[in-house]
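What's counted below: heavy atoms across the whole structure, side chains too, no hydrogens, waters or symmetry copies.
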Amino acid sequence: MKLFKKTYWLIYPVLLVLFLFIFDQIYTTDNFLLKVGICGPLAYILSPRKKIIENQTGKFKQITWIFLKNSIILDK
């Protein structure tokens with residue numbers, strides 16, 4: 001989890017490249033904007049989100065992701 005806390009921002013670009021590669025193998029087209037227009041939003045939906053949560057003790061940053069059961073707190 002410590003590695004994920006430091007490198008969560010890398011997941012979006014990695015997912016984008018992965019989806020571009022998969023999309024290129026399945027559907028061969030020369031239109032790069034079409035590829036990015038389909039793969040970009042898909043990678044954005046599946047990437048982790050960073051939220052600032054405010055409670056009685058103060059504000060803290062939290063990472064939520066569709067593939068994690070619990071959220072990860074970055075700093076308090």
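Grouping the Ile, Leu, Val, Met, Phe, Trp and Tyr side chains by contacts below 4.5 angstrom, directly or via other members, places Leu18 apart from Tyr12.
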>> With side-chain hydrogen bond (donor to acceptor under 3.5 Å, both in side chains) as the criterion, how do Thr57 and Asn55 come out once you've worked through the C-alpha distance, each side chain's angles and the decisive distance to 0.1 Å?
In response: CA-CA 6 Å; Thr57 60; Asn55 61 6; 2.9 Å; yes
>> side-chain contact (heavy atoms from CB on, under 4.5 Å) for Ile52 and Phe60? Distances and angles first, verdict last.
In response: CA-CA 6 Å; Ile52 297 177; Phe60 58 92; over 6 Å; no
>> Between Arg49 and Ile63, does the side-chain contact (heavy atoms from CB on, under 4.5 Å) criterion hold? Intermediate values first, please.
In response: CA-CA 6 Å; Arg49 305 275 185 268; Ile63 298 175; over 6 Å; no
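Taking the six-membered ring where tryptophan is involved, the planes of Trp65 and Phe67 are perpendicular, since the angle between them exceeds 60° and thus also 30°.
Here the CG atom belonging to Asn31 is positioned 9.5 Å from the CD1 atom belonging to Ile38, to the nearest 0.5 angstrom. Put simply, OG on Ser71 and CD1 on Ile53 are 8.0 Å apart, with the number rounded to the nearest 0.5 Å. To the nearest 0.5 Å, atoms CG (Leu42) and CD1 (Ile22) are separated by 9.0 Å.
The two residues Leu46 and Ile66 have their closest heavy-atom pair at CD2-CG2, 4.4 Å.
The closest donor-acceptor contact from the side chain of Lys50 to the backbone of Gln62 lies at 3.5 Å or more, if one exists at all.
Tested against Leu68 for a side-chain contact (heavy atoms from CB on, under 4.5 Å), the candidates Asn70, Ile72, Thr64 yield a single pass: Ile72.
Grouped with Leu16 in one hydrophobic cluster are Leu20, Phe32, Val36, the linkage being side-chain heavy-atom contacts under 4.5 Å among Ile, Leu, Val, Met, Phe, Trp and Tyr residues.
No close placement of the Phe23 and Phe19 rings is indicated, their centers lying 6.0 Å or farther apart.
Counting heavy atoms from C-beta outward, Asp24 and Lys35 have side chains that approach closer than 4.5 Å.
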